[in-house]
Amino acid sequence: MHKEEIIKISHITKRYEENAILEDFSLSVYEGEVVVIVGPSGCGKSTILRIMNGLEPIQKGEVTYRGEKVDGKLGSITRIREKVGMVFQSYELFPHKTILQNIMLAPVLVQKRDKKEVKEEALQLLNRVGLLEKKDSYPRQLSGGQKQRVAIVRALCMHPEVLLFDEVTAALDPEMVREVLEVLLSLAKEGKTMVIVTHEMSFAKAVADRVIFLDGGHLEEEGTPAEFFEHPKTERAKQFLNTFTYDKVERE
Amino acid sequence: MEFKEMFFMLTKGTWDTLYMVLISTLLGYIIGLPLGILLTITDVDGIRPNPVLYKILDVIINVTRSIPFLILLILIMPFTKAVVGKSYGTTATIVPLTVAAAPLIARMVESSLKEVDKGVIEAAFSMGAGYFTIIWKVLVTESRTSLLVGVTIALGTILGYSAMAGVIGGGGLGDIAIRYGYYRYETGIMIITVAVLVILMQILQWAGMLLSKKIDRRRGK
Ligand SMILES: Nc1ncnc2c1ncn2[C@@H]1O[C@H](COP(=O)(O)OP(=O)(O)OP(=O)(O)O)[C@@H](O)[C@H]1O
Ligand SMILES: [Mg+2]
């Protein structure tokens, strides 16, 4: 079965000053698939998501969106950004706007959609994540997990074709991780195209169609979750996966 | 001096002072708000960095702000005369007050806008927002509490300057305090005038703080 390529980044080089973070890196995301990116801290996972959303300029290579090249011009970038939703680790909700205003801002102001229609959809989505009664609250009145669910709704309300999630549970207490990941799982079930960066390995195993293991700014290993988690091919991947398990302490 | 006469004089003085302060602060914001926005977005970590423009604005504002108000008042007298036709009186005083207020306001706006979290700005960009939306709906709206505190400080500072303008016949309460207290040794009138100034300042502070608390969504109710 051949699925359409939505985002493609090809042969990109990303440097901060002289430090190359990514070198000759390529990745394609196909319609309806869930790509999970894992790897040690600082290996460039966030950078990849930010490049896909045009938040980060690149030095070499190109990003294409459904075959159309995304150049550096703001017009071209903003058009893509409407189609590529992003959810951040620290939620980034507007503190002085209500939950509803947070969600409605971009659909109304950026996409120029009808206010009433957007509101209806926002309420529906809030209901779906169990936060309808919070519509008039302000972000500070919500727990971390609730804020993150609102941030997901905010991204969904733009009708994105791809959703990027950057360690969306990393700032959450363990009890709240699940409520957020459940939302992601249900989106995956619906067939949404998603790129997820996470440190939750059991979640990655459950949600991914394809796992990308990144180390030092290049793709070290790629495979289905079954392949990657059960039979990692590279030494680096084995080492990495071992950091998530602990050996029983043997006492004398 | 009769009580009635004094009462009328003070009422007029208060009115003149309020007129000068409010109009110059308003004009100060008309000039200072765009300048503050420009300073914020053109700075190195702003949304539209432009080191040359930032430096130029930065220098102009620093120079204007380092001139003591009384000197500024005298320095720009020819300009004041060209604008309003005379260089003394309440309306004329609005010119130097505005010139003093604008750079102060620009700086306060800059510091308020820079308080807005970078992550939130980035989130807005990630949703495809353009510069206009980011400036008005994110930078200005999200920092409105701090901007309002700035308005209170600006009003207070301009009120102080307007009293200083009394030295050269600027009108208002400062003028009365100088004329009666300093030239005619009528300490009583001077004290009452100063008391009115203090009360005005208190009211401004109090109203400003009350309003900013009311619109602050991050804290309080
Ligand atoms: N603005 C910046 N200036 C300089 N270096 C940066 C900047 N942002 C990121 N880096 C560097 O780029 C590298 C990749 O960063 P990135 O945030 O993509 O890593 P990551 O894989 O997301 O890590 P983590 O799991 O800790 O979030 C890191 O070594 C980081 O130090
Ligand atoms: Mg990261």
Side-chain angles (χ1 to χ4, degrees), chain A residues 46 49-56 73-99 101-112 136-141 147 150-151 154-160 162-166 171, chain B residues 33 37-38 40-42 44-51 109 111-151 208-221:
Chain A
S46 300
L49 294 192
R50 294 164 54 79
I51 288 170
M52 286 183 169
N53 200 315
L55 285 173
E56 205 68 68
K73 293 192 197 78
L74 192 71
S76 147
I77 293 179
T78 47
R79 233 178 318 119
I80 301 314
R81 282 176 181 158
E82 284 177 39
K83 299 276 169 208
V84 183
M86 183 145 175
V87 183
F88 302 85
Q89 178 176 332
S90 37
Y91 339 118
E92 313 301 1
L93 297 178
F94 305 115
H96 286 280
K97 292 179 178 55
T98 63
I99 298 314
Q101 288 168 340
N102 259 281
I103 300 168
M104 290 175 61
L105 180 94
V108 172
L109 287 176
V110 177
Q111 299 183 317
K112 315 266 183 250
D136 297 317
S137 305
Y138 287 89
R140 70 175 168 83
Q141 299 167 315
K147 278 188 237 188
V150 169
R154 183 172 71 171
L156 282 176
C157 206
M158 302 271 301
H159 304 158
V162 188
L163 281 158
L164 313 176
F165 295 91
D166 192 1
Chain B
L33 182 67
I37 291 173
L38 268 181
T40 310
I41 66 175
T42 58
V44 266
D45 54 354
I47 58 174
R48 197 79 203 261
N50 185 333
V109 168
S111 89
S112 294
L113 298 188
K114 280 182 175 170
E115 283 169 24
V116 177
D117 190 69
K118 290 275 170 305
V120 163
I121 297 171
E122 190 156 80
F125 268 124
S126 84
M127 291 186 279
Y131 291 119
F132 190 81
T133 307
I134 303 253
I135 289 170
W136 292 109
K137 292 293 164 178
V138 182
L139 288 177
V140 172
T141 321
E142 290 299 315
S143 63
R144 60 180 184 218
T145 313
S146 169
L147 284 172
L148 199 69
V149 173
V151 175
M209 291 307 155
L210 201 76
L211 208 60
S212 65
K213 267 215 193 87
K214 215 178 142 101
I215 63 167
D216 191 351
R217 303 301 183 193
R218 287 168 306 179
R219 292 174 287 263
K221 263 288 151 199

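Letters go in sequence order (proteins before strands), and every chain restarts at 1. Values in this document were obtained by computation on a predicted structure and should not be read as measured data. For the numbers below, each heavy atom of this structure counts, side chains included, while hydrogens, waters and symmetry mates do not.
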Among the listed options A:Ile80, A:Leu93, A:Ile77, A:Leu55, the residue most often paired with chain B at heavy-atom distances under 4.5 Å: A:Leu55

By salt bridge (Lys or Arg N to Asp or Glu O under 4.0 Å) - contacts of A:Arg79 (at least two apart): A:Glu68

Residue pair A:Glu92 / B:Ala123: nearest heavy atoms and the distance that separates them: CB-CB, 3.7 Å

Within residues 83-91 of chain A, residues adjacent to chain B where the heavy-atom gap is under 4.5 Å: A:Val84, A:Met86, A:Phe88

Results of salt bridge (Lys or Arg N to Asp or Glu O under 4.0 Å) for A:Glu82 - residues two or more places apart only: none

Residue pair A:Pro95 / B:Glu142: nearest heavy atoms and the distance that separates them: CD-OE1, 3.0 Å

Less than 3.5 Å apart, which donor and acceptor atoms pair up between the side chains of residues 134-141 of chain B and the rest of the protein, not counting sequence neighbours?
{"residue": "B:Thr141", "atom": "OG1", "partner": "B:Trp136", "partner atom": "O", "Å": "2.4"}
{"residue": "B:Thr141", "atom": "OG1", "partner": "B:Lys137", "partner atom": "O", "Å": "3.3"}

Proximity breakdown for A:Phe94 and chain B, heavy-atom pairs closer than 4.5 Å: both

Pairwise side-chain contact, A:His96 with B:Asp216, heavy-atom cut-off 4.5 Å (strictly under): yes

Pick from B:Gly128, B:Gly130, B:Ser143, B:Ser126 with the largest number of heavy-atom pairs that fall under 4.5 Å of chain A: B:Ser126

Atom pair CE/CD of B:Met127 and A:Gln111 - distance to nearest 0.5 Å: 10.5 Å

Nearest heavy-atom neighbours spanning A:Leu109 and B:Thr133: CD1-CG2, 3.9 Å

